[in-house]
There are 2 protein chains.
Amino acid sequence: MPVHQHIRVTADAVVLRFTSKEGMKVLLSKRSIPPHIFKWGLPGGFIRNDEPVEDAVHREIRDETGLRVNYLEQFRTFGEPERDPRGRVLCVAHIGLIKPSATKLVPGAGNKEARWYPVRELPQMAFDHDVVIAAALDHLRLKMRNEPLAFELLDAKFPVSELEKLYEWLYDRSVDRRNFQKKIHNLGLLTTQQEKLKHPLQGRPAQLYSFNRERFIELREKESYIEIFS
Amino acid sequence: MPVHQHIRVTADAVVLRFTSKEGMKVLLSKRSIPPHIFKWGLPGGFIRNDEPVEDAVHREIRDETGLRVNYLEQFRTFGEPERDPRGRVLCVAHIGLIKPSATKLVPGAGNKEARWYPVRELPQMAFDHDVVIAAALDHLRLKMRNEPLAFELLDAKFPVSELEKLYEWLYDRSVDRRNFQKKIHNLGLLTTQQEKLKHPLQGRPAQLYSFNRERFIELREKESYIEIFS
DNA sequence: TCAAAAGTGTTGGGGTTACACCCATGA
DNA sequence: TCATGGGTGTAACCCCAACACTTTTGA
């Protein structure tokens with residue numbers, strides 16, 4: 001019966017950042033205590049008795065890395081009995097999305113070392129955190145076709161190509177640049193900005209856009225089904 | 001720190017069944033103990049210290065209703081600090097799908113009363129279980145466009161119209177019967193059975209089909225994206 | 001002037017939409 | 001024979017895929 005239950009619960013986050021230059025990266029922090037000491041793991045930790053789960057995630061991310069995500073969503077709870085050598089520990093896993101301009105790590109913000117790792121070149125991970133990251137990406141793949149999550153990973157103003165590269169990275173296939181532009185513009189999800197991209201490394205400077213959330217909400221009410229990416 | 005953490009965890013299930021005649025129904029059991037005594041709630045309960053979460057769900061469903069689901073998937077964990085008057089209790093919520101032919105409730109299987117309720121006409125619910133049910137349906141809506149979950153809700157052999165009505169119910173809009181048939185058949189997901197529906201209430205007996213899972217897996221490997229329903 | 005990346009236009013084909021008609025059964 | 005639901009077919013249309021060419025910048 002419940003009185004005998006002894007299960008502990010952590011809240012952890014797969015915090016992602018994306019740039020076309022560096023691809024998708026995940027925020028890891030180096031463990032400074034056992035178990036799995038010195039391995040890399042997801043930011044997170046035990047939730048407090050009267051603390052909402054999401055609050056715990058925000059707190060842990062901030063304490064361990066000094067960062068603040070602008071989107072946070074729970075996606076699954078991992079609970080295999082043997083996943084933590086300390087005993088039964090459930091992990092309520094979240095996806096955090098952060099804009100590239102807000103990802104500068106403050107060295108020694110907490111007393112833990114934190115780093116951005118390319119999602120496809122992970123170091124040796126603590127616990128089952130490699131599985132958690134893979135599941136997070138699967139969840140993203142499921143949602144990003146219909147929900148405007150991509151814009152949470154881009155700066156407020158961005159070129160269309162950056163959006164395109166994000167989808168290309170996530171679904172691991174190339175897309176025709178011109179058809180992609182047409183489709184996005186036909187949906188009307190982008191608002192043209194005054195500015196253009198300053199000092200591109202090469203080539204013509206790209207027009208900058210912002211995400212038109214009002215338009216998206218309006219669309220969602222009108223249409224029975226919105227497909228951002230196929 | 002973790003030593004002071006006192007959080008309990010339940011595993012609960014939104015078990016669904018669907019028929020075109022009766023629509024979508026959810027399995028509820030009447031609470032026989034406080035809190036929320038005599039209200040209706042989801043089958044579920046505290047997980048054991050060394051028990052996998054999914055096993056706990058299967059066990060609770062069986063004990064409370066005598067049923068066995070043929071599909072079970074975790075979809076979210078509910079953890080607001082005030083959701084349970086007994087203290088901090090997390091609920092790892094699952095979706096269970098069951099075929100109509102396997103849903104006969106054995107009265108008094110456990111010592112709890114269980115019943116199938118129409119999802120759109122719920123009684124007064126215990127805890128936040130009405131919210132949990134709504135979230136389960138949202139999750140289903142997200143997945144059923146691309147994943148073959150619909151077939152978990154239909155008997156092994158079913159008429160196309162039953163599949164169509166299921167999608168119509170879930171997405172709450174009508175679909176052209178003829179176009180729906182064409183699309184499904186073009187995908188090649190259905191295997192024609194020898195039999196036809198016996199003794200329809202009215203009209204011509206429908207051809208029965210079964211889900212061709214091999215074909216679906218083959219499709220998934222070949223195509224970058226499968227859309228069962230738009 | 002050239003390379004590189006961005007923006008715009010055209011075409012053909014496949015799939016969806018919107019239709020009508022016939023078939024099989026029970027009453 | 002009639003009502004009811006099931007099965008099949010066709011045409012218009014739209015969206016998407018596959019293309020080429022022009023524009024704007026830095027070097």
Side-chain angles (χ1 to χ4, degrees), chain A residues 19-22 145-146 154-155 157-169 171 173-210 219 222-230, chain B residues 19-22 145-146 154-155 157-169 171 173-210 219 222-230:
Chain A
T19 62
S20 57
K21 283 192 63 166
E22 304 184 67
R145 300 202 120 103
N146 308 110
L154 302 177
D155 283 320
K157 299 173 182 177
F158 56 87
V160 180
S161 64
E162 202 69 8
L163 182 63
E164 176 203 333
K165 302 268 179 52
L166 169 52
Y167 278 107
E168 289 188 325
W169 189 97
Y171 296 99
R173 60 193 179 87
S174 61
V175 177
D176 186 281
R177 183 175 58 85
R178 301 156 283 188
N179 292 333
F180 183 82
Q181 285 224 10
K182 259 180 300 178
K183 172 145 184 185
I184 293 292
H185 283 135
N186 282 344
L187 282 171
L189 295 182
L190 300 187
T191 306
T192 310
Q193 297 298 119
Q194 295 295 335
E195 308 140 69
K196 301 198 174 188
L197 191 64
K198 312 289 187 194
H199 308 302
L201 293 159
Q202 271 174 327
R204 171 176 174 176
Q207 177 67 51
L208 293 181
Y209 297 88
S210 64
L219 257 185
K222 200 157 48 191
E223 307 289 334
S224 63
Y225 179 51
I226 301 171
E227 181 192 76
I228 301 174
F229 185 79
S230 57
Chain B
T19 60
S20 57
K21 283 192 64 165
E22 305 183 66
R145 301 203 118 102
N146 307 109
L154 302 178
D155 283 320
K157 299 173 183 179
F158 55 87
V160 181
S161 64
E162 202 70 8
L163 181 63
E164 176 203 333
K165 303 269 179 54
L166 169 52
Y167 278 108
E168 289 188 326
W169 189 96
Y171 296 100
R173 60 194 179 87
S174 61
V175 177
D176 185 281
R177 182 175 58 86
R178 300 156 284 188
N179 292 333
F180 183 82
Q181 286 223 13
K182 259 181 301 178
K183 172 145 185 186
I184 293 291
H185 284 134
N186 283 344
L187 283 170
L189 295 182
L190 301 188
T191 304
T192 310
Q193 296 299 118
Q194 294 296 335
E195 308 140 69
K196 302 197 173 188
L197 191 64
K198 311 289 185 194
H199 307 303
L201 292 160
Q202 271 173 328
R204 172 177 175 174
Q207 177 66 52
L208 293 181
Y209 297 89
S210 65
L219 256 184
K222 200 157 49 191
E223 306 290 332
S224 62
Y225 178 50
I226 301 172
E227 181 192 78
I228 302 174
F229 185 79
S230 57

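A, B, ... follow the sequence lines: proteins, then strands. Residue 1 opens every chain.
- With hydrogens and angles ignored, a donor-acceptor pair closer than 3.5 Å exists between the side chain of A:K182 and the base of C:dT10.
- Phosphate proximity of C:dA3 to A:Q202: absent, as no side-chain N or O sits under 4.0 Å from OP1 or OP2.
- The base of C:dG7 lies outside donor-acceptor range of the side chain of A:R204, with no N or O pair under 3.5 Å.
- Between A:Y209 atom OH and C:dA6 atom P there is a gap of 11 Å when expressed in whole angstrom units.
- Across the interface with DNA chain D, nearest-nucleotide mapping of A:L201 and A:N186 shows A:N186 to be the residue nearer the 5′ end.
- The aromatic rings of B:F229 and B:Y167 sit parallel to each other, their planes meeting at less than 30°, with 60° as the upper class boundary.
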Indicate every side-chain donor-acceptor pair of residues 181-193 of chain B with a distance under 3.5 Å to a residue at least two apart or in another chain.
from	atom 1	to	atom 2	distance (Å)
B:K182	NZ	B:N179	OD1	3.2
B:K183	NZ	B:E227	OE1	3.1
B:H185	ND1	B:Q181	O	3.1
B:H185	NE2	B:Y209	OH	3.4
B:N186	ND2	B:K182	O	3.4
B:Q193	OE1	B:S210	OG	2.9

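- Regarding B:F180, its CZ atom lies at a distance of 12 Å from the P atom of D:dG6, rounded to whole Å.
- Atom C1' of nucleotide D:dC15 and atom CD of A:E223 are separated by 13 Å, given to the nearest angstrom.
- Taking atom OH of A:Y167 as the reference point, atom C1' of D:dC16 lies 17 Å away to the nearest angstrom.
- Protein atom CG of B:N179 is 16 Å distant from nucleotide atom P of D:dA12, rounded to whole Å.
- Remark: B:K183 is in phosphate contact with C:dT16, judged by side-chain N or O atoms under 4.0 Å from OP1 or OP2.
- Under the 4.0 Å criterion applied to side-chain N and carboxylate O atoms, A:D155 and A:K157 are not assigned as salt-bridge partners.
- Judged by atom type and distance alone, A:D176 does not reach the base of D:dA18 through any side-chain donor-acceptor pair under 3.5 Å.
- Among the heavy atoms of the strands, none lies under 4.0 Å from B:S230.
- The side chain of B:Q181 contributes an N or O atom lying less than 4.0 Å from OP1 or OP2 of D:dG7.
- Taking atom CG of residue A:L190 and atom C1' of nucleotide C:dG7, one finds them 14 Å apart after rounding to whole Å.
- Atoms CZ (A:R177) and C1' (D:dA17) sit 15 Å apart, rounded to a whole Å.
- Residue side chain A:R178 does not reach the base of D:dA17 through any donor-acceptor N/O pair under 3.5 Å, judged by distance alone.
- Contact check for A:T19 versus A:E162: side-chain heavy atoms found under the 4.5 Å cut-off.
- Side-chain contact between B:F180 and B:E168: absent, with no pair of heavy atoms (C-beta onward) separated by less than 4.5 Å.
- Atoms NZ (B:K21) and P (D:dG5) sit 12 Å apart, rounded to a whole Å.
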